[in-house]
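To start, the structure under review is shown below, and the notes come after it.
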Amino acid sequence: MSGSFFITTAIDYPNSRPHIGTAFEKIGADVQARFRRMEGRSVHFLMGNDENTIKVSQRAEELGAEPKAYVDDMARQFREVWAALDVSNDDFIQTSEERHHAGCRKFIQAVFDAGDIYKKAYTGLYCNGCEAFKTEKEVENGRCPLHPAAELKVVEEENYFFRLSAFQDRLLAHYDANPDFITPESRRNEILNLVATGLQDVSITRKGFTWGIRVPFDPEQTIYVWFDALLNYITAVGYGTDDARFEATWPADVHVIGKDITRFHCALWPAMLMSAQLPLPRRVFAHGFVYNKGAKISKSAGTAIDPMDVFRVHGADAFRYYFMRECPFGGDGNYGDDRFAEVYNADLADNLGNLYSRALTMCSKYFGGVLEDADAVEARAWLAGLDLAKLVEDLRGLIANFEYNVALQRIWLELIDAANRYIAVTQPFKLIKTDADATRAVLVNLAEAMRVVAILIKPFLPRTAETFYRAFNFDDARSWDDVSYDDVIARPAIAKLQVTAPLHEGKPTPLFPKIDVKAS
RNA sequence: UGCGCCGUGGAGCAGUGGUUAGCUCGCCAGGCUCAUAACCUGGAGGUCGCAGGUUCAAUCCCUGCCGGCGCAACCA
């Protein structure tokens, strides 16, 4: 395991605001980035917007704006949403930026020089809605089935093609030699199948457009979206503008993408890199989709949900928890207000939040918030025999493999439940009447449970995790910013443990106020 | 049409070639009162879509069928 970790998400079309599906991807990548940082890796987390599309320029025109002004404003809105969700990306590239243009020109020239680009006349039915040529099989009644309102145009033009077909053997060899290149397994099988059945050369330029990147060896042509978009992963880290930085950062450790664009990332992209003689990304992780109560999220059908509408009320952490716990990252999931309330109330309010309340209240009520000689208590009783080191190792593996839902389930089932059960078994509220020392030991155990939980949920619920950690003076012994999963096992020695959480009349404010299902 | 996915107690989901098929919610009974009417214990409830096959043994492997859905080079 090297010291650096470069992770990317797909870049988004800024033709409308982000929806919960796009948010799902960013959060999933963010959890990974935060986890790797905790593990001591030097993380570079890249996101961005895909702006060089004809539709974007048309949309700008409709609004009476210059394309650049339009995409800049959309980029601002996207970044605003991601920031509000505590997505910790280090960079945000817009493909309209000069660093991207410069890198693209260099790259397409390199591939051209390698002999993998050729010019070919093409005549076909062009759908403006799809920004693509349609084959006869795809056309229904002379119209594109996806955009039946628009006439298909017969377009004849000379375009440049990328010799994708020539890379079939090399791609298959790469998949074979690198079984983890495409994950999850189901996606890998799909691509293996696809590539094995043969690849066609792909058109990579368009003629007669001004918005976009001009082909250096033919200024009449602009680079078509996919060839252009994929390159963001290298142009953002210096390809064509800062060689030293590029060398130091590339290749990516993982591209986090949606399952629908797996083929671009697992076939086209590596072929492009092979042609340009650049290293390939180590891994592509294709996540599943989030559905709106079973219905596909579609901007046109109105089933898209603005993340802001959800987390404005219950907070970013609740939003993040819902998607990471409820939707397996590698598979599909659902969003629904009812289900959200159910998960929120059960896991966040009743278990996590309530544990916080009851533990702090007892510390405050029985000991004035100060637990002397805490370091003399072993603080393992609350685990009830659970092998914590083993659990931490399991969680590491699960998170590294994007199995977030399983990781969270285990934290809740094995630790948070254990802590609540521990209170039921030891009954500190009764014990305090007869044995103050024993009660103090119980509360030290509970504080330790909170410390452990805080660290483990840090990649998922960064705000809540910090609140948990800072409920006591743990930070004096071990800084929250530096804490890692190793610290779960290594309990810092603090003689005078004390509640540092803000209390009102001896009680903390509920972290996750219950959602009144009946009222909503 | 091609490729792929799903069908598990009332609801939503896990899951494994083999002791009593798990989890959350809901429901019933009991306990507790520190806590956000939260927490803990126990219970009722499933022929694991249908029909064949492989196997000593299948919910999990194979085939077919029925039903729901996704992708097919625009949509995370």
Side-chain angles (χ1 to χ4, degrees), chain A residues 9-13 15-16 18-26 28 53-55 127-133 135 137-138 144 146-147 164 186-187 189-190 193-194 197 199-200 202-203 225-226 256-264 267-268 286-291 293-300 304 325-328 331-334 336 338-339 341-343 345-351 353-366 405-406 409 412-413 417 419-425 427-432 439 442-443 446 507-514 517:
Chain A
T9 63
I11 53 176
D12 300 303
Y13 283 110
N15 54 359
S16 64
H19 55 72
I20 54 172
T22 50
F24 181 55
E25 172 175 302
K26 311 316 172 197
T53 73
I54 295 147
K55 266 189 283 188
C127 172
N128 277 327
C130 297
E131 289 186 39
F133 286 100
T135 62
K137 277 204 301 194
E138 292 171 313
C144 169
L146 301 170
H147 301 91
L164 179 61
S186 56
R187 298 276 98 76
N189 293 337
E190 272 180 41
N193 215 321
L194 176 86
T197 52
L199 294 166
Q200 290 178 15
V202 290
S203 158
V225 287
W226 270 110
V256 177
I257 58 159
K259 64 179 184 180
D260 57 325
I261 53 175
T262 316
R263 57 184 56 201
F264 297 110
L268 175 59
H287 63 75
F289 284 175
V290 175
Y291 295 90
K293 291 177 200 155
K296 187 183 176 181
I297 288 179
S298 156
K299 291 161 189 172
S300 47
R325 171 64 186 87
E326 188 63 12
C327 309
D332 295 340
N334 269 291
D338 296 346
R339 182 64 186 155
E342 189 180 310
V343 170
N345 281 342
D347 292 357
L348 297 179
D350 293 348
N351 283 289
N354 189 43
L355 175 64
Y356 178 87
S357 294
R358 61 198 311 209
L360 293 184
T361 303
M362 285 191 281
C363 286
S364 162
K365 193 183 262 186
Y366 305 150
N405 59 324
V406 182
Q409 181 177 28
W412 257 252
L413 243 37
D417 283 0
N420 277 320
R421 212 174 294 128
Y422 178 69
I423 299 176
V425 171
Q427 300 189 308
F429 39 86
K430 272 187 185 164
L431 197 58
I432 188 62
T439 308
V442 167
L443 295 181
L446 282 180
K507 290 188 176 193
T509 308
L511 296 182
F512 298 100
K514 279 196 91 158
V517 181

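Because the structure is predicted, anything quoted here is derived from the model rather than measured. Below, read A as the first sequence line, B as the second, and so on, with proteins coming before strands; counting in each chain starts at 1.
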Counting just side-chain N and O atoms, does [X] come under 4.0 Å of either OP1 or OP2 of [N]?
| X | N | value |
| --- | --- | --- |
| A:Arg263 | B:rC3 | no |
| A:Lys55 | B:rC75 | no |
| A:Lys259 | B:rC5 | no |

Remember a base hit wins even if backbone is also touched, and classify [X] as base, sugar-phosphate or nothing at under 4.0 Å, heavy atoms.
| X | result |
| --- | --- |
| A:Gly288 | base |
| A:Ile261 | sugar-phosphate |
| A:Lys26 | nothing |
| A:Ser357 | base |
| A:Phe264 | sugar-phosphate |
| A:Asp332 | nothing |

Listed nucleotide nearest any side-chain atom of [X], set [options]:
| X | options | answer |
| --- | --- | --- |
| A:Arg358 | B:rA38, B:rG4, B:rA35 | B:rA35 |
| A:Arg421 | B:rU36, B:rA76, B:rU41 | B:rU41 |
| A:Asn420 | B:rC34, B:rC39, B:rU36 | B:rC39 |
| A:Leu511 | B:rC34, B:rU36, B:rC75 | B:rU36 |

Is the base of B:rA38 touched by the side chain of A:Asn354 through a donor-acceptor pair closer than 3.5 angstrom? no

* Evaluation steps, side chain to side chain contact (heavy atoms under 4.5 Å, CB included), between A:Arg358 and A:Ile423 -> CA-CA 9 Å; A:Arg358 61 198 311 209; A:Ile423 299 176; 3.6 Å; yes

Calculate the interatomic distance between [X] atom [atom1] and [N] atom [atom2]; express it in whole Å.
| X | N | atom1 | atom2 | value |
| --- | --- | --- | --- | --- |
| A:Glu190 | B:rG2 | CD | C1' | 12 Å |
| A:Glu326 | B:rG12 | CD | C1' | 7 Å |
| A:Trp412 | B:rC39 | CH2 | P | 14 Å |
| A:Asn193 | B:rA72 | CG | C1' | 13 Å |
| A:Leu431 | B:rU33 | CG | P | 13 Å |
| A:Phe512 | B:rA37 | CZ | P | 16 Å |
| A:Asn334 | B:rA76 | CG | P | 18 Å |
| A:Ile423 | B:rC39 | CD1 | P | 11 Å |

### Message
Parallel, tilted or perpendicular, judged at 30° and 60°: which one describes the rings of A:Phe264 and A:Trp226?
### Response
parallel

Between A:Ile257 and A:Val202, the residue closer to the 5' end of RNA chain B by nearest nucleotide is A:Val202

With RNA chain B as reference, determine whether A:Gly258 or A:Met362 sits nearer its 5' end, using the nearest nucleotide of each.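 Final value for this comparison: A:Met362.
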
One should read off an interatomic distance between A:Asn354 CG and A:Asn345 CG, to the nearest 0.5 angstrom, of 11.5 Å

Practice task
Would you mind pulling out the nucleotide paired to B:rC34, Watson-Crick or G-U wobble, both distances under 3.5 Å?
Solution key: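 In the structure as shown, B:rC34 has no Watson-Crick or wobble partner.
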
Review point. What's the shortest heavy-atom distance between A:Asn405 and A:Pro328, and which atoms?
Key: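 Smallest interatomic distance, heavy atoms only, reads ND2-CB, 3.6 Å.
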
Scanning both residues in full, the closest heavy-atom pair of A:Ser357 with A:Pro510 reads OG-CA, 4.5 Å

Every protein N/O within reach of nucleotides 24-32 of chain B N/O, cut-off under 3.5 Å:
unit_1 : atom_1 : unit_2   : atom_2 : d
B:rC25 : O4'    : A:Glu342 : OE2    : 3.1

> Yes or no on side chain to side chain contact (heavy atoms under 4.5 Å, CB included) for A:Arg187 and A:Ile257, after CA distance, side-chain angles and deciding distance?
Replying inline: CA-CA 12 Å; A:Arg187 298 276 98 76; A:Ile257 58 159; over 6 Å; no

